[in-house]
Novice: 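Questions regarding the structure given below will be posed in turn.
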Amino acid sequence: MRRSGGTVAVKVEKADDGKTPAAGEFVTLKVQDTDGRVVYRTMRRTDQLQGLMDFYYDRVQEWVATGTGRFLYDGRRLRGWQTPAELLMEDGDEVDFFVELIGGAGGHAV
């Protein structure tokens with residue numbers, strides 16, 4: 001406690017109750033696909049990315065079937081068991097989604 005003039009200044013520090021998230025505990029990630037659809041998801045840095053993937057598929061289920069694409073971050077394919085913390089993801093980072101194309105040439109070129 002500090003006294004200056006007729007004013008008393010008191011610094012109050014809140015005790016950590018374990019329920020209040022620490023700064024930087026959460027990250028908001030953006031998933032964007034090739035058709036321009038964008039989905040934002042806020043999650044804990046320690047949560048598996050499968051939650052982000054499931055959330056994306058849920059939001060775009062009218063256009064994209066579950067499990068039909070790849071999620072990429074910095075050019076690398078994401079796996080559901082990975083976490084934002086282990087990939088050093090930051091708030092606002094973008095994940096790209098690409099629908100897997102199956103098929104090939106219908107005939108042989110002569």
Side-chain angles (χ1 to χ4, degrees):
M1 191 157 66
R2 197 178 81 207
R3 192 176 273 261
S4 59
T7 313
V8 177
V10 179
K11 181 178 179 183
V12 178
E13 292 186 22
K14 188 175 179 181
D16 182 14
D17 59 2
K19 296 177 186 175
T20 308
E25 184 177 344
F26 290 91
V27 62
T28 300
L29 301 175
K30 172 184 175 182
V31 179
Q32 183 163 359
D33 63 25
T34 54
D35 291 327
R37 289 182 288 264
V38 176
V39 174
Y40 291 90
R41 174 76 172 175
T42 300
M43 58 191 296
R44 291 181 187 274
R45 292 183 183 278
T46 55
D47 287 346
Q48 292 185 346
L49 290 171
Q50 189 63 51
L52 173 70
M53 296 170 182
D54 292 343
F55 184 79
Y56 170 79
Y57 282 124
D58 185 53
R59 293 293 183 254
V60 298
Q61 65 185 348
E62 187 175 325
W63 305 281
V64 180
T66 300
T68 60
R70 294 178 183 240
F71 294 86
L72 296 158
Y73 175 69
D74 282 344
R76 293 191 185 130
R77 185 174 183 182
L78 295 179
R79 306 293 181 184
W81 49 265
Q82 294 174 303
T83 66
E86 76 179 74
L87 296 172
L88 304 176
M89 291 178 152
E90 297 179 7
D91 197 46
D93 278 353
E94 185 174 319
V95 172
D96 299 309
F97 176 82
F98 295 93
V99 174
E100 290 181 333
L101 301 177
I102 301 173
H108 294 19
V110 179

Novice: Are Val99 and Leu72 joined in one hydrophobic group, where the rule is that I, L, V, M, F, W and Y side chains link up if heavy atoms are under 4.5 Å apart?
Specialist: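 Result: no, two separate clusters.
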Novice: Can you name the closest pair of heavy atoms from Val64 and Tyr57 and give their distance?
Specialist: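 Minimum heavy-atom contact is CG1-CE2, 3.9 Å.
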Novice: Apply side chain to side chain contact (heavy atoms under 4.5 Å, CB included) to residues Leu87 and Leu49 and explain how you reach the verdict.
Specialist: CA-CA 10 Å; Leu87 296 172; Leu49 290 171; 3.6 Å; yes
Novice: Taking salt bridge (charged side-chain N to carboxylate O under 4.0 Å, His left out) as the definition, give me every residue that meets it alongside Asp35, ordered by chain and number, with sequence neighbours left out.
Specialist: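 Applying salt bridge (charged side-chain N to carboxylate O under 4.0 Å, His left out) to Asp35 gives Arg37.
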Novice: Roughly how far, to the nearest 0.5 Å, is the CG atom of Asp96 from the OG1 atom of Thr34?
Specialist: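 Output value for this atom pair is 9.5 Å.
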Novice: Give me each pair satisfying salt bridge (Lys or Arg N to Asp or Glu O under 4.0 Å) with a member in residues 69-79, each pair once, sequence neighbours excluded.
Specialist: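 Passing the test, one end in residues 69-79: Arg70-Glu100, Arg77-Glu100.
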Novice: Look at the rings of Tyr56 and Phe97 and say which category their plane angle falls in: under 30° parallel, 30 to 60° tilted, over 60° perpendicular.
Specialist: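 The rings of Tyr56 and Phe97 sit tilted, inter-plane angle from 30° to 60°.
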Novice: Same cluster or not: are Trp63 and Leu52 linked, directly or through other Ile, Leu, Val, Met, Phe, Trp or Tyr residues, by side-chain heavy atoms under 4.5 angstrom apart?
Specialist: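 Yes.
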Novice: Report the residues that fulfil side chain to side chain contact (heavy atoms under 4.5 Å, CB included) with Val38, sequence neighbours left out, ordered by chain and then residue number.
Specialist: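 Here the qualifying residues are Lys30, Gln32, Tyr40.
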Novice: So, using side chain to side chain contact (heavy atoms under 4.5 Å, CB included) as the criterion, who are the partners of Asp47 when residues are at least two apart?
Specialist: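 Met43, Arg44.
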Novice: Can you give each donor-acceptor pair under 3.5 Å made by side-chain atoms of residues 88-95, sequence neighbours left out, with the distance rounded to 0.1 Å?
Specialist:
unit_1, atom_1, unit_2, atom_2, d
Asp91, OD1, Thr28, N, 2.6
Asp93, OD2, Tyr73, OH, 2.6
Asp93, OD2, Glu90, N, 2.7

Novice: For residues Arg45 and Pro84, report the shortest heavy-atom separation together with the two atoms involved.
Specialist: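 So the two residues come closest at O-CD, 3.2 Å.
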Novice: Taking only residues two or more places apart in sequence, or in another chain, which ones meet Glu86 in a side chain to side chain donor-acceptor pair (under 3.5 Å)?
Specialist: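 Side chain to side chain donor-acceptor pair (under 3.5 Å) check on Glu86 returns nothing, list empty.
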